Chemist: 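Following this message is one structure expressed as structure tokens.
Bear in mind the structure is a predicted one, so any value in this text is a computation, not a measurement. The first residue of the sequence shown is numbered 1, and numbering continues consecutively from there.
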Amino acid sequence: VPDLIVYLDKTADTNRVAKAVRAAASSKGSALSGLVVRTWEQLSPYYQQANTAYQLVLGVARLIVLIVALFSISGTLSLSVMERLREIGTIRAFGTRRPDVLLMLVYEGVILGLAGALAGCLLGEGARLLGFHVLSLPSEVEVVIVTVVTILLVTVTHTRTSHEVRHDRHPGFDQHP
């Protein structure tokens, strides 16, 4: 037999199975003696190069999503503070110190962030359990795409809501003669 090809259910088992086959081939009197064992990684170096490039591209995409998320969150929190300047002024007039007001706003942001993260994790896990796939792409790419779309939707929704709040507080706001 010139070639013996072994197909595995899990790619992660490659090294373990190769080691076991090498051990069987090196034992005396084995039918496999003289067998040269090579893994698919050794036979296809192009795969490693492509996989490295793919991981690099996904890493850059994740970084971009993180930066967009940070700017979106900071913009949302800044807008939230700006919309509540009167309330913050009232709290300060009652004698609340600046660090306490800041701490209150930080707590609010942390609680909202944790609630959003928990809701996102639960929805994501539920979708995974149901076998839901947004696109027929690798899961990492789907996560990046869904995250970007979600951030854009939240930002647009919040911007529209804040515009409506400003308009309600100042009826003549943004109206041109």
Chemist: Could you pull out the closest heavy-atom pair between V37 and R22, with the gap in Å?
Modeler: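 Closest approach of V37 to R22: O-NH2, 3.2 Å.
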Chemist: Short question: side chain of S44, backbone of W40 - any donor-acceptor pair under 3.5 Å?
Modeler: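 Absent.
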Chemist: What is the distance from atom CZ of R92 to atom CZ of R98, rounded to the nearest 0.5 Å?
Modeler: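 Going from the CZ atom of R92 to the CZ atom of R98 covers 5.0 Å.
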Chemist: Which distance, rounded to the nearest 0.5 Å, do you find between the CD of E83 and the CG of L85?
Modeler: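 The distance works out to 9.5 Å.
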Chemist: Output, in order, the C-alpha distance, side-chain angles, deciding distance and verdict of side-chain contact (heavy atoms from CB on, under 4.5 Å) for T52 and L56.
Modeler: CA-CA 6 Å; T52 302; L56 180 66; 5.7 Å; no
Chemist: Verify, without hydrogens or angle tests, whether Q42 (side chain) and T39 (backbone) share a donor-acceptor contact under 3.5 angstrom.
Modeler: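 Checked: pair present.
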Chemist: Please go through I5's hydrophobic cluster and name the other residues, only I, L, V, M, F, W, Y counting, with side-chain heavy atoms under 4.5 Å joining them.
Modeler: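 Besides I5, the cluster holds Y7.
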Chemist: As a quick check of understanding, evaluate side-chain contact (heavy atoms from CB on, under 4.5 Å) for N51 and Y54, giving each step before the final call.
Modeler: CA-CA 5 Å; N51 190 33; Y54 177 72; 4.3 Å; yes
Chemist: CZ of R97 to CG of L102: how many Å apart, nearest 0.5 Å?
Modeler: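 Answer for the CZ-CG pair, R97 versus L102, is 11.5 Å.
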Chemist: May I ask you to list the residues sharing a hydrophobic cluster with L122, side-chain cutoff 4.5 Å, ordered by chain and number?
Modeler: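 Other cluster members: L118.
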Chemist: Examine distances only and state if a side-chain atom of T96 and a backbone atom of I91 form a donor-acceptor pair shorter than 3.5 Å.
Modeler: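 Yes: the side chain of T96 pairs with the backbone of I91.
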Chemist: Verify salt bridge (charged side-chain N to carboxylate O under 4.0 Å, His left out) between D13 and K10, making sure each step is shown before the conclusion.
Modeler: CA-CA 6 Å; D13 294 337; K10 296 180 182 174; 5.7 Å; no
Chemist: Are L63 and F71 grouped together when hydrophobic residues (ILVMFWY) are joined by side-chain heavy atoms under 4.5 angstrom apart?
Modeler: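 Yes, L63 connects to F71 through the hydrophobic network.
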Chemist: When rounded to the nearest 0.5 angstrom, what is the spacing between CZ in R16 and CG in L8?
Modeler: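 Answer for the CZ-CG pair, R16 versus L8, is 8.0 Å.
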